[in-house]
Structure formats: structure tokens, C-alpha cells
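Throughout, a chain's letter reflects where its sequence line sits, starting with A, and its residues are numbered from 1. Every value quoted in this text rests on a predicted model; they were computed, and no experiment measured them.
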Amino acid sequence: MIDGLIMIVLILIKLGVIFAVIMTMAAYLVLAERKILARMQLRHGPNRVGPFGMMQPLADVIKLLTKEDFLPDRADKWLFLLAPGMAAVTAILTFAVVPFGPPLQVFGHELPLVVIDLNVGVLYFLGLSSLAVYGVALGGWASNSKYSLLGGIRGLAQLISYELSMGLALVPVVMLARSFSLTDIVLAQQAAPFILVNPLAFLIFLVSVVAESKRTPFDMPEAENELVGGFHTEYSGMRFGLFFVGEYINLVILSSMVTVFFLGGWLGPLLPGVIWFGVKVLALCFFFIWVRGSLPRLRYDQLMHFGWKILLPLALLNVLLTGAVLLWSRT
Amino acid sequence: MSLWRDIKGTLQPFWVTLCNMMRRPVTVQYPEQKQQMAQRYRGRLMLTRDPEGHERCVACHLCSAACPVDCISMQAAEGDDGRRHAAWFRINFTRCIFCGLCTEACPTLAIQVTGEFELAGRDPLKLVWEKDDLLVDHGGHTPDYNFYRQSGVGVAAPRGGLPTETAPVDPKDLMP
């Protein structure tokens, strides 16, 4: 009885910590992105609120919360109100399967550092990442505005062109690890992280993940200079904030996914597992910001062309090759 | 080969942005650091005086005619000595775009630009400057120029009042 209670309390604490860490990371990623982008463009970035602008996320949240929650005339009310939640919730839910450290011993209990170790973790991740685009599509459609609609359509068109190659890039990982569980995938990389074993899959997955995060060079759904704000044109206040936070949570999640699938998760010498995991995730986040600072936006026919004619055949070929090598090495 | 060109074109920007990250930002942190303005920077306007300390402005309205945003207005008046001056002179600095066209139009070099540009405030009405606010006690960048010494002042006494003159005609005499 006492054991069960302690376990429940531990799990609740773990959930709270995970939630707090993700939200804080998302908030400070916004600041980090603004600062790093600014430095890449020879500017300072936000540096007025608090020392070095460290309180800027707080100021942003206060601003977003006190703004009017605007509902456009003739918008589809319920879908319009629901869509931002969809974008944020799917992003947060994905983190449930991410193992961010080796199991911990607390009061004689083994506490796995993952919310739930699903045996179909990879599929759960792929499913939720497809669901996430519904937030974009429904938000764009429900706003009853041509810019939003175009943004939503682009979101969907983008989804079908990168989703397949993203899934196919994970097939070699699953073949190598012989499991759909993310914890098993991490443990399978003890000898060498999969980025060294299968660099092609890593590259394909990385490109797909940048497309999944809907950021430059694949930010067609928002495309400020063509579509005003894309799918979130009509949103204001905290509903826009939810889209925004969802995007950055998504960034953290996708970086964790790349870490888990290809960079060996929490595995690493000397430092404890959780710190290794954090370092890898932050490095990938920096990479995403770096990409945004460096590359211009593609046209969306270019993305479709790239996704269908280059990434997909490459991913299929990679699956074939990996299968052949695995078969050959076993005999 | 175009594939090689594409790969190079994709990777090069990353190097450029990384180099820029190491460089010092060019931003001037404005309220704390001030920018050194050019020597002939055209800022807000002023009304200058001639070497004798009189107002140079003769209220000819040329500056307000030249002003592209119509921010200058004035009322002409004539002193006892025949000198023209502005009864009131008003510049609306909420409109002024610091173009300096008024200074080019001014025949007596009365209106001139200063290097000052920090006019921001919370009350727009405080940016409507009257003659007292605009007048300075020096000759600006032409301290020696004295228009009236060259041109002379008009007739000091009332027109037609001298013994050798006939009185001005009253045009309303002709009316039936």
C-alpha cells in the first residue's frame, strides 16, 4: 500500500518536472532563437527585460494573456477555438514516449525516466506528428480567411510530402534495434549511435524533421511575406500563443526524437545520462535555429518535388540496403 | 555540375551565419549610446537673428509654400519702422520630416536646420513650436549675413504721409 503510494507520488513528481522543463525550454527557446538569430544578423536581440533580456518570455506571456481573444465573423467557432489546443497538446503528448535517462533508483524503487515505455513508441510518435498538422489545417480552414486557408492547405501538402520519407527513414532504425520501443532503440545504440551506422537515414530523418517543425526553409504554412501569417493569421492573444508554444515544444520533441533514434539518447561517457540527453537536444535545437538563420524558404512545389522524387526513393533504397546488409551479416 | 552547386549553395550560408555570430553586433544601443551625426545633418528647425540681433524672418511665406507636409504657418505683420516680421510663427514638429526644403526657400536665411533630432514626447501638442521656442539668439551657420543692410528698410512713415506725397487713393471712392 505504502509502496504503491510512494510510486504514485514519484510518478506525479516526474510528470510535473517533465511538464515544467518542457514549458520552460519552449519559452526560453523562443528567447534563444531571437538572440541567436539576432547575433547572426549582427543585432543584439531582446536585451531590455531583465539582465540580458532573460525575463523576455515572461513579458511575452503577459502580453499574450492580456490581449483580446478575437473570433472572426463567420469563422467556424468550435474548430477555431479548438485548433490551437490541438497543435499544442499533440506536441506535449509526444514527449510521453521519450526516454531521457537511464532508470533511476529512488527509495528502493526503480523509476524509469520515461513517462511510458510503449512497445509501439515509434508508431505513437509518427501518429501524433501526423495529428499535429490537424491543428494547422483546421485552424486555417476554420478562420474563414483566404490566407489562413492557403496556409492550412500548404500544411497538408507539406505533410504528405515529408511524412512518408520520415517514416521510411525510421524503418532502418527499427530493423537495427529490432524493436519499436524507444528505450530499446536507445539501448541498441550502446556499441555505436545509429548516425554512424546509417548516416543516410539520419540525413533523411533530419530533413523531414525540419519540414515537420514547419520552420524555415520549410515554413510554407506560415510564410509571413506571402500569406500574412499563414494558418494563424486570424488568431490573437493566447490562442496564437498556443500555436507558437506548440511550435517550440514540437522543436524540443523533434530534437529529442533525433537524439533517441540516431544520437544514442542518454548514452555517453562520463556525464550522467540526463545531462547527455539535454546536451544533445540543445545542440539539435541550436542546429534548427542555425538552419533558420541560414536558409531561405523553398517554394512548396520545390518541397513536394524534393520529398517525393528525392527523399522517398532514397529512403526506400536505404531500407533495401540496410535489410540486405543485415541479412548478409547474419549469415 | 548542378548537384554539386546545389550542395555547395546549401552549405555555404551556414558558414556565413556562423562567422557573423562571432562578430560584434553593429547596433547602436540608442538611449545609452548616441550616434555621432554627420556635421551637416538636417534636424529640427530654428529661426535665426541677424548680427544686430533683429529677427531675420520677413514673413514672406515662402517656407510654408515650400514645405511638402505643410507644417509651417505664420501671420505677417509690419513694424513701425517698415520692417516686416511674423506676428506669430508656428512649426508643427509632429509633421515635420526634416527635409530642409524651407531653408532652401528662405530668402533671408532666417529659417535654418539644427543638428538636433530628439523630439519624441508623450503629448503631440507640445511638439507644436511657437516663435518663442524657435527663435535663437545667434545667426546659425551664417552669422555675418544681414539682409536689411543690403536691401534697406521700406518706408518708415505712414504711406502717403510725407509732405511731397499725395495721399493714397481710396479705391472705394468709385463705388456707386
Side chains of [X] and [Y]: closer than 4.5 Å at any heavy-atom pair?
X: A/L42; Y: B/R24; result: no
X: A/L295; Y: B/P13; result: yes
X: B/M21; Y: A/I36; result: yes
X: A/H44; Y: B/P25; result: yes

Atom [atom1] of residue position [X] - does it have more than 12 heavy atoms of other residues, nucleotides or ligands inside 6.0 Å?
X: B/E118; atom1: CD; answer: yes
X: A/M55; atom1: CE; answer: no
X: B/Q39; atom1: CD; answer: no

In terms of heavy-atom pairs under 4.5 Å with chain A, which of B/T27, B/T10, B/V16 leads? B/T27

Is the backbone of B/R23 close enough, under 3.5 Å, to the side chain of A/R39 for a donor and an acceptor to pair up by distance? yes

How far apart are the closest heavy atoms of A/W290 and B/F14, and which atoms are they? NE1-O, 3.2 Å

Work out which heavy atom in A/G293 is nearest to a heavy atom in B/T17; give both atom names and the distance. O-CG2, 3.4 Å

ring-ring contact (aromatic ring centres under 6.0 Å, His included) partners for B/F117, two or more places apart: B/Y41

One pair to check against side-chain contact (heavy atoms from CB on, under 4.5 Å): A/N47 and B/Q29. What are the steps and the verdict? CA-CA 10 Å; A/N47 61 357; B/Q29 298 282 320; 3.3 Å; yes

